[in-house]
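Before any comments, here is the structure.
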Amino acid sequence: MPEGHSIHRAAIDQRRELVGDSIRTSSPQGRFEEVGLLDRRVLVEIDAWGKHLFYRFAPRGRARKDTWLHVHLGLYGGFTRHASLPPPPPRGAVRLRMIGARVAIDLAGPTVCEVLDDKGRAAVLARLGPDPLRKTRDGGDGREAARRLHASGRPIGGLLLDQSLVAGIGNVYRAEILFLAGIDPARAGSELSAGELANVWGLSKTLLAAGVRDGRIDTAQFLRGADDVEAMPGRRGRSKRTLVYHQHTCRRCGEAIRTGTMGARTLFWCPHCQQ
DNA sequence: AGACGATGCGGAC
DNA sequence: TCCGCCTCGTCTT
């Protein structure tokens, strides 16, 4: 489920159906102990930054300050939407259930589900680099991201997973971005030209935005002649189409795709197309 | 019934 | 560098 595109997709969908409502919150599974702090507050905004979601709740009673719900899905977290109210009994381990006036949303398996004040939220944001899916704070032209990537002598394949440099890219997109950019993942960030860094940023924007639009990862659409790439079986019906991630043969040149570990994750690349 | 893996990441060593 | 978190569909026994 979760690279940056899934998070922004969830923000868009939930914004439409939850924002403006007074939300009933509960933790059926019981592992979210602060859940009562949010109950019956009005949800006024949902914001996504990289792989993080922030839900802003209006003050209740005499309180003055907004309260933020911070969610990070981690590796296997996910949302389930219930269109009919009241929602059916929770299925599986539901950490948080939010019931609005129109829909109910269940959250299961997140790495992070916590209540934050403004300060706490700012501290999370301070650890994140620019997000190519955002239009402000250098989500714009990518100069800040290029600066951060260029400042490191570590391999670009690892840098793209470092959320403090660029926020939102995960293991699938890093492989696809570097393939389409024609960059060998082992090259140092400091070694990349301004043009290459601009290209990495542009591809990050383009590929992630397509992921938001499509509701899945489909990078095969960006390589001419790769229309026949087969969709990989996905866990929840959604399947992805990739050019190098979990592929054996290069779609462009036919060379065998190489695999290795970089940034503690499996990296896929084409030794011929990525120099 | 049990093992395994997955688009993530912080913390211990 | 490795472990553990904590979830669940799929595959194996």
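Protein chains get the first letters and strands the later ones, always in sequence-line order, with residue 1 at the start of each.
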What's the [atom1]-[atom2] distance between [X] and [N], to the nearest Å?
X: A:Arg265; N: B:dG10; atom1: CZ; atom2: P; value: 12 Å
X: A:Glu114; N: C:dC5; atom1: CD; atom2: P; value: 19 Å
X: A:Arg95; N: C:dT7; atom1: CZ; atom2: P; value: 6 Å
X: A:Phe79; N: C:dC8; atom1: CZ; atom2: P; value: 14 Å
X: A:Ile7; N: B:dC9; atom1: CD1; atom2: P; value: 10 Å
X: A:Asn171; N: B:dC9; atom1: CG; atom2: P; value: 11 Å
X: A:Leu75; N: C:dG9; atom1: CG; atom2: C1'; value: 14 Å
X: A:Tyr245; N: B:dG5; atom1: OH; atom2: P; value: 13 Å

Does NZ or CZ of A:Arg95 come closer than 6.0 Å to the centre of the six-membered ring of A:Phe32, within 45° of the ring's axis?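 A:Arg95 over A:Phe32 ring: no.
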
Out of [options], which has the shortest distance to the side chain of [X]?
X: A:Gln163; options: B:dT7, B:dG8, B:dC9; result: B:dC9
X: A:Ile217; options: C:dT7, B:dT7, B:dG8; result: B:dT7
X: A:Ala93; options: C:dC8, B:dT7, B:dC9; result: C:dC8
X: A:Arg127; options: B:dG10, C:dT7, B:dT7; result: B:dG10

Could you verify whether a donor N or O on one side chain and an acceptor N or O on the other, from A:Gln221 and A:Asp214, lie under 3.5 Å apart?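 Checked: A:Gln221/A:Asp214 side chains pair up, N/O donor to acceptor below 3.5 Å.
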
A:Arg97 versus A:Ser27, side-chain donor and acceptor atoms under 3.5 Å: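 Side chains of A:Ser27 and A:Arg97: no pair found under 3.5 Å.
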
Write down the distance separating the [atom1] atoms in [N] and [M], rounded off to the nearest Å.
N: B:dG10; M: C:dC8; atom1: C1'; answer: 23 Å
N: C:dC5; M: B:dC13; atom1: P; answer: 14 Å
N: C:dT13; M: B:dG5; atom1: P; answer: 13 Å

So, the side chain of A:Arg251 versus the backbone of A:Gln247: is there a donor-acceptor pair under 3.5 Å, distance only?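 Pair absent, no side-chain N/O of A:Arg251 close to backbone of A:Gln247.
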
At under 4.0 Å, does any side-chain N or O of A:His72 touch on OP1 or OP2 of B:dG10?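 Answer is no, no contact under 4.0 Å.
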
Counting the atoms with a prime plus P, OP1 and OP2 as sugar-phosphate, which does A:Gln29 contact under 4.0 Å by heavy atoms, base, sugar-phosphate, or nothing?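 The answer is sugar-phosphate, as A:Gln29 gets under 4.0 Å only of primed atoms, P, OP1 or OP2.
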
Give the table of side-chain donor-acceptor pairs shorter than 3.5 Å for residues 108-117 of chain A, with sequence neighbours excluded, one pair per line with atom names and distance.
unit_1	atom_1	unit_2	atom_2	d
A:Glu114	OE2	A:His70	ND1	2.8
A:Asp117	OD1	A:Lys119	N	3.2
A:Asp117	OD1	A:Gly120	N	2.8

Take A:Ala264 and A:His246, find for each the nucleotide of DNA chain B with the closest heavy atom, and name the residue whose nucleotide sits nearer the 5' end.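 Going by which nucleotide is closer to the 5' end, it is A:His246.
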
